[in-house]
Amino acid sequence: MDFSASSNINDKGFELLANALPLIVWSARPDGFIDFFNQKWYDYTGFPKNLGGDQSWVPILHPDDIKFCIDTWYHSIKTGEPYKIEYRFVDPENIGKYRWFLGTALPVKNETGEIVRWFGTCTDINDQKNIETRFRDSEEKFHFMCDAMPQHVWTADAFGQFDYFNQRTLNYFDKPAVDILSNWWTECVHEDDSRKAHTIWKEALSTGEPFEVEFRLKDKDGHYKWHLSRATPFINKDAEIKWFGTNTDIEEHKLNEQKKDEFIGIASHELKTPVTSLKGYVHVLRSKIQDTPNNHAVEFLNRMDVQVNKLNKLIGDVLDVTRLDSRHLHLTKQDIDFRDVILEAVDNVQHIATHHKIVLETDGSIPFTGDKLRLEQVISNFLTNAIKYSPDKDKVIVKYRREKNNIITSIQDFGIGIERENLTRLFDRFYRVDNTSMKFQGLGLGLYIASEIIKAHNGSFWIESEPGKGSIFFFLLPVDEQNGGVNIETDNQTFYSEDQVSIKYNKVHDRLDVSWMGFQNLQSVKRGCNVMLDLLKKNNCSKVLNDNTFVTGNWSEASDWGGKIWFPAMQEAGLKYFAWIYSPSTFSQLAANKSIDVMLGKITTQFFAEKKDAEKWLNSLDKKAKVIR
Ligand code: ADP
């Protein structure tokens, strides 16, 4: 008999609808006798159409699920309760295998509450189940691995809310996870470290940059131990962020560092005293024999003086580095004239430079608040380097100027220069360019100390250099910070302009025209980029002409943020093509390349030296788009 044709379903529309559905649909009489299956059932089972009845589904069930399914179904028939259960049916395409299904059944009642019919469905959830199992397996593996690690391991959501600690963390604090996560910053982290660490954590959450900080954690016995905490954001394809972090016990390392620093501190201090006396005696001796006919002795004393000065500087640098490491480099800031700092440094270095003339090309007064001696040290360091690394030349040029709220100073030499790939590492501690380290004496500390002093004045630095032709070291110091507000003009829809960037929606070419100017830092880049994102969305366009021709400074701090956070957001907002006109500053070029290297997403980006070429490229995309339309 044709089972579906002889069914009691009088609504033919239901049958049509049921056959159109991508899941198995059935209906049964109130006593449980199944009198209808849709086409999907016959397609799946391969059963002939006249095979129906109350238990036609039993033979294809997994043996372990038979009893449970029959019991559930008869319970529903008896009580009228609907059901929703998971079970396995034979997989017709894989002999010996089964597929998971979700089965549901609902009773239909008449006005008197009597069940007149059952409707049910069987949905294939095998793929979903497999994913769930795989996910559960990988989560179990992840937890197993984390528990085996010698560190604390934790995860947190995009808002910084912890949601997992490995067993080692729980053992360290001997507290339940909920207590740790609710009292982390107040109870677990030492109060002297908590505020700073919390600020760095919040900054990492807002920028999406990796987090790294050292703090002391209180163990279950109330003892504090130094830990290095590190976390990296994992961004999935839906741009959701999850933080994975570790805390590594560095207590022993800290103690050793402390001992080493104390030793170097004491040793260099002890060395300084005899060297200072030596210098004094050299001066006394020189003044005594200055007028005697034996001027060879004076010459030797002068040479001795130079060597003593070098020794003095080396000891000073080593002392400064230990101070920097233990954060004891104190600045004494006062109101000064920046010109005096330059003059003093130029004078001191000129005094010992025998072959080079230091040419000071600017000479104006600029009031500034800073540590005079430390700033002199910065300039002296750039100057001595300029002289040291240009042994065959005889000139070094120093310039300084006030540009808006910044003092920009440059020290130029015409010496050996620096390869592009070494530029950004020069300010690292102990870094020396390989091919210079054999020929020139030095420890690789001077630029590191200079950079720390500049940073302590909220400044920054960058270099322009060409191997064989020479280098220009720049540094920038912000003046009068309280008057450094931004003058913004905007119509909020198509146009935005301030000192460091202007952004316009170009209606003719349906793109954003962005022009960056002057010195950039993380704040200015973020401000401009966020406006760009806003205007891109408002004008619904997919192209950006990003002009850096007039960018002066180094803004590499912004590259990671740009690549990992901002570009993906721009892509989501519809950005497809990004034409990037390079800044003439090598540092900025390196920063631009870095953003693209770390970029997550698929935006077509091209770099250009000339604006007209960038425009040509974007215009050619206009034409292509028109042809496609
Ligand atoms: P040091 O000169 O004692 O090695 P610095 O920290 O002052 O240490 O400089 C780090 C490195 O930077 C130097 O070893 C050298 O390779 C490079 N460098 C610094 N200044 C210049 C310069 N003016 N020209 C070429 N290379 C330089």
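Computed from a prediction, not measured in an experiment: that's the story for all the values here. Whatever order the structure lists them in is the order used to number ligands and atoms, beginning at 1.
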*Should you measure from each heavy atom of L445, which atoms of ligand 1 turn up under 4.0 Å away?*
6 (O), 8 (O)
*Using 4.0 Å as the upper bound for N to carboxylate O, is an ion pair formed by R374 and D320?*
yes
*Does F473 come within less than 4.0 Å of ligand 1, judged by its heavy atoms?*
yes
*Option whose closest heavy atom lies nearest to atom 1 (P) of ligand 1, chosen from G470, G417, G444*: G444
_Please report whether the ring centroid of W184 lies less than 6.0 Å from that of W201._
no
*Electrostatic pair R216-D193, nearest N-O below 4.0 angstrom*: yes
*Check whether any heavy atom of G415 sits under 4.0 Å from an atom of ligand 1.*
no
*Any donor-acceptor N/O pair, H356 side chain to T354 backbone, under 3.5 Å*: no
*Hey, is E498 close enough to R527 for a salt bridge, meaning N to O under 4.0 Å?*
yes
_salt_bridge(K564, E209) N-O dist < 4.0 Å_ = no
*Report yes if Y448 has an N/O atom closer than 3.5 Å to an N/O atom of ligand 1; otherwise report no.*
no
*Proximity to ligand 1 by part of N422, non-hydrogen separation under 4.0 Å*: neither
*asked:* Tell me whether I416 has any N or O atom under 3.5 angstrom from an N or O of ligand 1.
replied: no
_Heavy-atom nearest neighbour of atom 20 (N) of ligand 1 within options D317, N385, I387_ = N385
*In terms of atom number and element, which parts of ligand 1 are under 4.0 angstrom from non-hydrogen atoms of S471?*
24 (N)
_Under a 4.0 Å threshold between the charged nitrogen and the carboxylate oxygen, would R286 count as salt-bridged to D305?_
yes
_Ion pair check, K260 and E257, cut-off under 4.0 Å_ = yes
*Region of I418 that comes within reach of ligand 1 [heavy atoms, distance under 4.0 Å]*: side chain
*asked:* Out of all atoms in ligand 1, which are within 4.0 Å of some heavy atom of K388? Include the element for each.
replied: 1 (P), 2 (O), 3 (O)
